[in-house]
Amino acid sequence: MLQFLKVNNFLLFKSLEISLDGNFTVITGETGSGKSMFIKALRFVLGEKQDLPDGDYTVIAEFKISNANNQLLEILDENDIEVENNVLLIRRIQNKKIFINDVPVTLKLLKKISEELVEFHSQHKQLDAFSSANSLKIIDQFINEKDLLSKVYDLYQKITEISHNIETLQKQKQTLDLDKDHLEYSFKEIKSLNPKSGEELDLIEQKKLFNDKVKVIHSIEEILALFSRDENLVNKLIRVQRNIERLENDLGLNELIDNAIMSLNELNFQAENKLKDFDSRDSIDNIEERLSKLKELSRKYRCTSDQLVDIAHNAEEKLKKLETIDFEIAKEIKEKNLLLKDYFTFADSLSNVRKAAAKILENNIVKELKQLKLEHIELNIEITSNNLRPISSKGIDQASFLIKTNKGFEFAPINEIASGGELSRIMLAFKVALAEKNQKTTIIFDEIDSGTGGAVAETIGNRMKKLAQSNQIISISHQPQVASKADQHLLVEKSHDTISQSIIKDLNKEERIKEIARMLAGINISDSALAAAVSLMNDG
């Protein structure tokens, strides 16, 4: 429920603060006074993109939200927007910044939240309301079978996901079948060479060693000569150590000699091993042949020698996948068929509920049409079911609202044959019939009574007043019969004091009488017009 609207420097509204009281607010004013700008400002703060001049403009709207609107509460919770005392404060600054309860949000999120807060209806923008998709939405709003709708939706999502998996697997199989011969050949060719990670670098190092073979062997032999029987360094150090041990104070030399002996023994051990290892290596011819084969295969596959290992592994994995993919596809298809069976079971149940509810809704709407002086209109809510066409998240049904405006003619879709005035009243009849099911507490009617008057306008006002028992109604109106039914009356006027601007006044009882009399009689308000205005308000 919209409680408060604050507008700064928005078109002709320079500084405006409006509190909305009661469930039914009517907004009136002469043509050109700025009534449409009120709607424009409200649409702007709720996320509608508008072509506005540059300027420092801000619109703030405060809503009192219902705990019953679970969809809205879920959206707020998912986006970490905390709500205190059920108040939602939306602030939009120019086309740049948006805040909800002081949390910065995107325009996309604002629109999503706004869809749960407010409905706009105008005489020239009703056609989409009776499209096939919206027709089914209206019926689902009436049946209020959230669990059944949710079950059908969840099954549809699972079926869609598993269908995507099957399609992906089938494409993989097709690709693998085409690549099978190449994969088998690649795996066999690389595996026969059996390359190892880091092997090429190791072979290059071995080749360098062989190129320096004489120098390397001579150096190792010089080290081993230090440990020969005649000139063995270790034996010499042991003899020196024995002499030192006879001294009363070895000055720490004994420990140093121990460490030196250990290091020399390790040097001897490593030198002997290096010489043995060098002697056991492949010949230079074998190394060069192996390097040549590695480089040749790397060039063929346009990769490094280390990557040959990965290519062979990937080929092996794909060949294994090819062996099991038929089983995977069959398993997924079996699961999909089970889900489809459940889907059609619940979709059939949902369809039966819809068809039964459609008859009740049809009767309720026809009663409201009579109240709105449209007793000549016949209504037929047509629901067709088809288990053969592609499944939908909404089930197997398509809905159409068909009317007949003249006897002897065939039923046809509402948006094809209803006039602008009829379309607005039909929409109002729908809203009243669905009032108790509507979670969007604020409904805004923008001049839907245009072109009516007298008894028809009177009935429109009465039905809006009834609708206001369960929803907040804001109506921009030119009809005094509608204005007289409201709980609150706002008047939009143009001021020309220093600069032209629009202002909105919250009228008291006497001011309301004068405004309604003006709407009845025009500029020259007579006593009879005032009396008629009082009579209308008393009837309201």
Side-chain angles (χ1 to χ4, degrees), residues 1-46 48 50-64 89-95 118 120 122 442-450 464 472-480 482-525 529-530 533 536-537:
M1 181 174 180
L2 180 62
Q3 291 186 310
F4 178 77
L5 187 71
K6 182 177 181 179
V7 183
N8 286 326
N9 297 318
F10 188 90
L11 300 177
L12 289 179
F13 289 128
K14 301 308 174 188
S15 180
L16 173 70
E17 292 187 14
I18 291 293
S19 295
L20 288 96
D21 300 319
N23 277 11
F24 185 7
T25 298
V26 70
I27 302 172
T28 65
E30 295 180 358
T31 301
S33 60
K35 298 185 298 298
S36 62
M37 280 187 292
F38 176 88
I39 299 297
K40 202 174 181 73
L42 194 52
R43 284 183 178 274
F44 171 76
V45 77
L46 291 173
E48 185 174 287
Q50 296 186 12
D51 186 15
L52 298 169
D54 294 335
D56 184 19
Y57 48 88
T58 303
V59 182
I60 299 172
E62 181 182 297
F63 288 86
K64 187 82 171 179
L89 194 68
I90 302 173
R91 180 161 48 103
R92 189 173 179 191
I93 304 169
Q94 301 172 8
N95 279 315
V118 178
F120 287 93
S122 66
T442 300
I443 303 174
I444 298 174
F445 294 109
D446 186 5
E447 298 185 355
I448 70 161
D449 52 17
S450 180
M464 284 188 182
Q472 180 189 29
I473 304 301
I474 300 173
S475 176
I476 292 184
S477 176
H478 286 284
Q479 303 303 329
V482 173
S484 66
K485 310 298 179 187
D487 301 321
Q488 181 186 30
H489 192 150
L490 302 178
L491 174 64
V492 183
E493 293 180 313
K494 236 178 198 175
S495 168
H496 300 284
D497 292 342
T498 53
I499 57 170
S500 294
Q501 61 176 310
S502 293
I503 59 173
I504 298 181
K505 290 175 61 178
D506 188 354
L507 303 183
N508 59 33
K509 186 176 180 180
E510 289 185 5
E511 290 169 333
R512 284 190 70 186
I513 292 171
K514 287 182 180 179
E515 172 60 11
I516 292 171
R518 182 200 64 78
M519 295 171 75
L520 284 165
I523 297 174
N524 299 317
I525 301 173
L530 290 168
L536 279 175
M537 286 187 63

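Computation of the quantities below employed the complete heavy-atom set of this structure, encompassing side-chain atoms and omitting hydrogens, waters and symmetry-equivalent molecules.
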Please walk me through it: do Leu536 and Leu520 pass side chain to side chain contact (heavy atoms under 4.5 Å, CB included)? CA-CA 11 Å; Leu536 279 175; Leu520 284 165; 4.0 Å; yes
Could you go step by step and tell me if Phe120 and Ile39 meet the side chain to side chain contact (heavy atoms under 4.5 Å, CB included) rule? CA-CA 9 Å; Phe120 287 93; Ile39 299 297; 4.1 Å; yes
Under the criterion side chain to side chain contact (heavy atoms under 4.5 Å, CB included), I'd like the reasoning laid out for Thr31 against His478: C-alpha separation, chi angles, the key distance, then a yes or no. CA-CA 9 Å; Thr31 301; His478 286 284; 4.1 Å; yes
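Annotation: salt bridge (Lys or Arg N to Asp or Glu O under 4.0 Å) contacts of Lys64 (sequence neighbours excluded): none. Residues forming a salt bridge (Lys or Arg N to Asp or Glu O under 4.0 Å) with Glu511 (at least two apart in sequence, or on another chain): Lys505. With sequence neighbours excluded, the residues forming a side chain to side chain contact (heavy atoms under 4.5 Å, CB included) with Ser15 are Asn8, listed by chain and number. Qualifying ring pair (Phe, Tyr, Trp, His ring centres under 6.0 Å) partners for Phe24, counting only residues two or more places apart in sequence or in other chains: none. The side chain to side chain donor-acceptor pair (under 3.5 Å) search around Glu515 returns Thr28, Arg518, not counting sequence neighbours. With sequence neighbours excluded, the residues forming a side chain to side chain contact (heavy atoms under 4.5 Å, CB included) with Ile93 are Thr58, Arg91, Lys97, Phe99, listed by chain and number. Looking at residues two or more places apart in sequence or on another chain, you find a side chain to side chain donor-acceptor pair (under 3.5 Å) between Asp506 and Gln488. In this structure, the side chain to side chain contact (heavy atoms under 4.5 Å, CB included) partners of Ser33, at least two apart in sequence or on a different chain, are Lys35, Val492. Not counting sequence neighbours, the partners of Ala61 by the side chain to side chain contact (heavy atoms under 4.5 Å, CB included) test are Leu2, Leu5, Val45, Phe63. Residues passing the ring pair (Phe, Tyr, Trp, His ring centres under 6.0 Å) test with Phe44, sequence neighbours excluded: Phe10, Tyr57.
The nearest pair of heavy atoms linking Gly29 to Leu491 is CA-CD1, 3.9 Å. Of all heavy-atom pairs between Lys509 and Met537, the closest is CG-CE, 4.3 Å. Smallest separation of non-hydrogen atoms from Ala517 and Ala533: N-CB, 3.7 Å. Residues Ala483 and Arg512 share a closest heavy-atom pair of O-NH2, 2.8 Å. Closest approach of Phe38 to Ile474, counting heavy atoms only: CE2-CG2, 4.4 Å. Minimum heavy-atom separation, Ala521 to Asn524: CB-O, 3.8 Å.
With hydrogens and angles disregarded, no donor-acceptor distance shorter than 3.5 Å links the side chain of Asp449 to the backbone of Ser477.
Ile18 CD1 to Ile503 CD1: the interatomic distance, rounded to the nearest 0.5 Å, is 9.5 Å. Atom CD1 of Ile60 is separated from atom CD1 of Ile90 by 11.0 Å, given to the nearest 0.5 angstrom. One distance of note links CG of Leu20 with CD of Gln3; it measures 9.0 Å at 0.5 Å rounding. Between atom CE of residue Met1 and atom CD1 of residue Ile473 there is a gap of 10.5 Å, rounded to the nearest 0.5 Å. With rounding to the nearest 0.5 angstrom, the CG atom of Leu507 is 9.0 Å from the CD1 atom of Ile516. The distance from atom CG of Leu12 to atom NZ of Lys40, rounded to the nearest 0.5 Å, is 11.5 Å.
Heavy atoms from other residues, nucleotides or ligands lying under 6.0 Å from CD of Glu30 number 12 at most.
Applying the salt bridge (Lys or Arg N to Asp or Glu O under 4.0 Å) test to residues at least two apart or on different chains, the pairs with a partner in residues 1-22 are Lys6-Glu17.
Here the side chains of Val26 and Met464 are not in contact, with every heavy-atom distance at 4.5 Å or above. Side-chain contact check for Arg92 versus Leu46: every heavy-atom pair is 4.5 Å or farther apart. Contact annotation: the side chain of Val7 never approaches that of Met37 to less than 4.5 Å [non-hydrogen atoms, C-beta and beyond].
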